[in-house]
Q: 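The structure follows.
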Amino acid sequence: MQLLGLAFLLVSIVAFVAQSEIVQSVQTGYYKPFFLLYIAHSCYLFFLPIQIIICSLEPDTKWNTQDWQMYLRFVTRVGLLTLFFTLGALLWYVSVSKIPMGDLTAIYNTSCFFTYLLSLWILKEPFQWQKITGVLCSVAGICFISLWTRLEEKNDVLGYTAAILSSVLVALYETLYTKLAVPPRPTVFFSIHVVGLIGVLTLVFGSFMFPILHFLEWETFQLPPNDQWINIGLISLLGVIFNALFMLSMSFLGPVIASVGILLSIPATTLVDVFFGHSELGWNIIIGGCCIVIGFLFMNRQ
């Protein structure tokens, strides 16, 4: 189960890096964070028909009244998770075009620190120096990567504030997901079903936000250019892959280990930026990347 969780985590990292690069490209000329989020997250609902078809082939799948009552309570819990998940993701979309992608990825993934603190409080996890060491080592790597060469640059206050708040909300979502939703024996179908429900809830309730945002002039409604629809489709597909597999890795590895593991996306994103000529590979990136990998090994050590 541990190896399977690690495999899910690595694939989710690849999807996250690819999605980040495409979102950055799209929002260069079409800055509509909520619209992109709404399309991407609504596409999660396509997981439900697949699961229903597979489950329909299984015998003894009839539910009684008590089962439906329990399920409605479960949907209510997923609704709460969707709220924190959507707010965190929206703030990430807001930050994409306002601060460097390396900084955003680094700050976003400091959620591991908040996840550990929240896990001590909400999940009553035992205090372990091994995990503390792993978190601190990873945070040190983040500082090397994101702060070393940024001290003289003018920071976008809105972008950095949104990124930090996004990190906190993601940590709360991850911890509550483990507390409220994960069963004693997590399965692939369970994670797929949760992702599908998030898609349905986003499609239904998220639609009410468009007239509100338009009226307040926070985000006026405008369809994207025709040449961007393919990229938006790729963003949606990669978002589905990332979140489904990351939720699955949380189920198998726990929220803290999974959250620290996703920190590997920071050096990965930086290397992609270097490959495409968006940034240069410096000693701070090498040292920071090594710190993050070492931190992940500490967190994952049995």
Q: Does Gln27 reach the main-chain N or O of Tyr93 with its side chain, forming a donor-acceptor pair under 3.5 Å?
A: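 Present.
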Q: Where is the tightest heavy-atom contact between Glu174 and Thr115, given as atom of each residue plus distance?
A: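 Where Glu174 meets Thr115 most closely, the heavy atoms are OE1-OG1, 3.2 Å.
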Q: More than 12 foreign heavy atoms under 6.0 Å from CD1 of Ile230: is that the case here?
A: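 At most 12 heavy atoms, drawn from other residues, nucleotides or ligands, come within 6.0 Å of this atom.
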Q: Measure from the side-chain N and O atoms of Ser167 to the backbone N and O of Ala163, and report whether any donor-acceptor pair falls under 3.5 Å.
A: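 Flag not set: sc Ser167 to bb Ala163 has no pair under 3.5 Å.
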Q: Please work out whether the ring planes of Phe210 and Phe221 are parallel, tilted or perpendicular, with thresholds of 30° and 60°.
A: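 Phe210 vs Phe221 ring planes: perpendicular.
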Q: Give a yes or no answer on whether the side chain of Ser42 reaches the backbone of Ile39 with a donor-acceptor pair at less than 3.5 Å.
A: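 No; zero donor-acceptor contacts below 3.5 Å.
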Q: Mind listing the closest non-hydrogen atom pair of Val94 and Tyr31 along with its distance?
A: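 Here Val94 and Tyr31 meet closest at O-OH, 2.9 Å.
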Q: If every non-hydrogen atom of Leu91 is compared with every non-hydrogen atom of Ala162, which pair is closest and at what distance?
A: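 Between these two residues, the closest heavy atoms are CB-O, 3.4 Å.
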Q: For Gln24 and Val96, indicate whether the former's side chain and the latter's backbone hold a donor-acceptor pair under 3.5 Å.
A: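 Absent.
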Q: Mind checking whether Phe35 and Leu213 sit in one hydrophobic cluster, side chains of I, L, V, M, F, W, Y counted as touching below 4.5 Å?
A: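 They do share one cluster, since a chain of ILVMFWY contacts under 4.5 Å joins Phe35 to Leu213.
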Q: So, for Leu172 and Ile122, which heavy atoms are closest and what is the spacing to 0.1 Å?
A: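 Looking at all heavy atoms of both residues, the shortest contact is CD1-CD1, 4.3 Å.
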Q: At their closest point, which heavy atom of His41 faces which heavy atom of Thr202, and how far apart are they?
A: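 For His41 versus Thr202, the nearest heavy atoms are CB-CG2, 3.8 Å.
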Q: Mind checking whether Leu203 and Val200 sit in one hydrophobic cluster, side chains of I, L, V, M, F, W, Y counted as touching below 4.5 Å?
A: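 Result: yes, single cluster for both.
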Q: Between Lys32 and Leu223, is there a donor-acceptor pair closer than 3.5 Å when you use the side chain of the first and the backbone of the second?
A: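 Side chain of Lys32 to backbone of Leu223, a donor-acceptor pair under 3.5 Å: no, none is there.
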Q: How close do Gly88 and Ser166 get, heavy atom to heavy atom, and via which atoms?
A: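 Shortest heavy-atom separation between Gly88 and Ser166 comes out as O-OG, 2.7 Å.
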